[in-house]
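Read the structure below first, then the notes.
Both ligands and their constituent atoms are indexed starting at 1 by order of listing.
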Amino acid sequence: MIKTLSNMRIIDQLQEQNNRFDEAIESLTATKKSLQPKFLYDKYGSILFEQITQLEEYYPTRTELSIMERSLDEILRYIGSGSTVIEFGSGASRKIRMLLESGTIHEYIPIDISKSFLMESSEQLSIDYPAIQVTGIVADYTNELNLPKELMDAAKKKTVFFPGSTIGNFEKKEAHNFLSMIAALLSSGDGLLIGVDVKKAPRILHNAYNDKEGITAKFNLNLLTHLNRELGADFNLNQFEHYAFYNAELGRVEMHLVSMEEQVVTIGNESILFNNHETIHTENSYKYSISEFQQLASGAGFVLEKTWTDPKELFSLHYLSVL
Ligand code: AVI
């Protein structure tokens with residue numbers, strides 16, 4: 001534990017996960033180069049992602065918020081009063097405010113990989129909602145996650161909140177494993193409130209990941225700045241370009257960084273050769289039809305209680321429970 005205020009504390013589990021940059025080197029030296037999307041989220045990456053959520057072209061955030069606004073009373077009834085809400089990848093915690101505002105939640109546990117971002121948002125939330133205990137956990141939840149047992153045992157009823165369609169950033173098999181891991185973390189009667197982006201016209205998807213202002217491009221390229229800083233790599237950002245497209249066959253938006261010339265990048269003792277136009281695959285964002293997602297969730301041990309969507313069916317929000 002690293003910080004305690006009266007109703008706020010931070011538990012840092014990331015120090016125990018210091019092998020995470022080994023994964024980056026391994027995936028960059030594979031035949032098909034890739035980097036896991038979690039490396040997009042250093043502090044600046046988290047700020048850029050917040051800017052993405054405000055973009056005209058990026059419909060998921062405002063659509064999810066509008067669904068939540070419209071069905072808030074019903075959502076709160078599913079969550080139950082006096083309960084604990086655990087949010088994975090909490091970021092700026094804007095959506096959670098809508099739930100905390102109700103005054104029915106006892107404890108909020110945000111989990112995020114970006115320590116500084118998590119500390120700032122937890123502190124702000126604990127000031128804005130003095131009656132709520134805020135326990136921030138710095139962790140990479142894509143690896144195995146062990147939440148402190150005493151926290152879990154003390155909770156009356158738990159709801160995991162996983163908004164924003166972050167589940168789409170997992171491969172299909174990983175999404176199944178991740179949902180199963182959440183089900184195992186919860187007890188009978190607990191729930192999962194999860195936002196999932198829906199399949200739609202490729203043009204809308206293309207624009208959402210290729211905004212006119214170039215914020216998504218900056219977000220993607222910032223991953224290289226992150227590795228330069230953390231690993232002492234020497235990526236030249238002027239020699240890489242953002243590239244995103246909808247792969248209809250696989251039902252996902254793919255984000256890549258394209259090498260604009262043949263070049264060698266060094267990371268520690270490794271020299272990595274890039275051919276001209278070779279790409280680093282940096283993110284997948286899978287889109288699910290409503291029934292595809294419902295099937296995925298039931299296969300992972302959840303029972304569907306309710307699905308909400310918007311009038312154009314751009315986005316879906318599901319409340320699932322554990323038997
Ligand atoms: C966090 N995640 C759900 C976003 C998405 O849409 O896949 C990340 C993102 N990447 C580019 N724009 C937004």
Note to self: Starting from atom 10 (N) of ligand 1, what is the nearest protein heavy atom, named by residue and atom, and what distance separates them?
What the structure shows: E283 OE1, 2.7 Å
Check: Is the closest heavy-atom distance from Y41 to ligand 1 below 4.0 Å?
Finding: yes
Check: Between Y108 and Y129, does the ring centre distance come in under 6.0 Å?
Finding: no
Check: To which protein heavy atom is atom 2 (N) of ligand 1 closest, and what is the distance rounded to 0.1 Å?
Finding: N169 OD1, 2.9 Å
Note to self: Distance under 4.0 Å to a non-hydrogen atom of S165: what atoms of ligand 1 satisfy this?
What the structure shows: 3 (C)
Notebook entry, point to check: Should N284 be counted as touching ligand 1, given the test is an N or O pair under 3.5 Å?
Noted result: no
Notebook entry, point to check: Take atom CD in E174; do more than 12 heavy atoms of anything else shown fall under 6.0 Å from it?
Noted result: yes
Note to self: Are more than 12 heavy atoms, taken from residues, nucleotides or ligands other than E213, located less than 6.0 Å from that residue's CD atom?
What the structure shows: no
Note to self: Please list, in number order, the atoms of ligand 1 under 4.0 Å from a heavy atom of G164.
What the structure shows: 3 (C)
Note to self: Would you say that more than 12 heavy atoms from the other residues, nucleotides or ligands in this model lie under 6.0 Å from the OH of Y243, or not?
What the structure shows: no
Notebook entry, point to check: Numbering the atoms of ligand 1 from 1, which are under 4.0 Å from a heavy atom of S285?
Noted result: 5 (C), 6 (O), 7 (O)
Check: Taking both backbone and side-chain atoms of Y58, is any N or O found less than 3.5 Å from an N or O belonging to ligand 1?
Finding: yes
Checklist line | Side chains of L227 and L28 in contact at under 4.5 Å (non-hydrogen atoms) | finding: yes
Note to self: For the 3.5 Å polar cut-off, considering only N or O atoms, please tell me whether Y209 and ligand 1 meet it.
What the structure shows: yes
Check: Taking the six-membered ring for Trp, are the ring centroids of F315 and Y59 within less than 6.0 Å of each other?
Finding: no
Next item on the list: Please determine, by modelled atom types, if R9 and T135 share a side-chain donor-acceptor pair under 3.5 angstrom.
Entry: yes
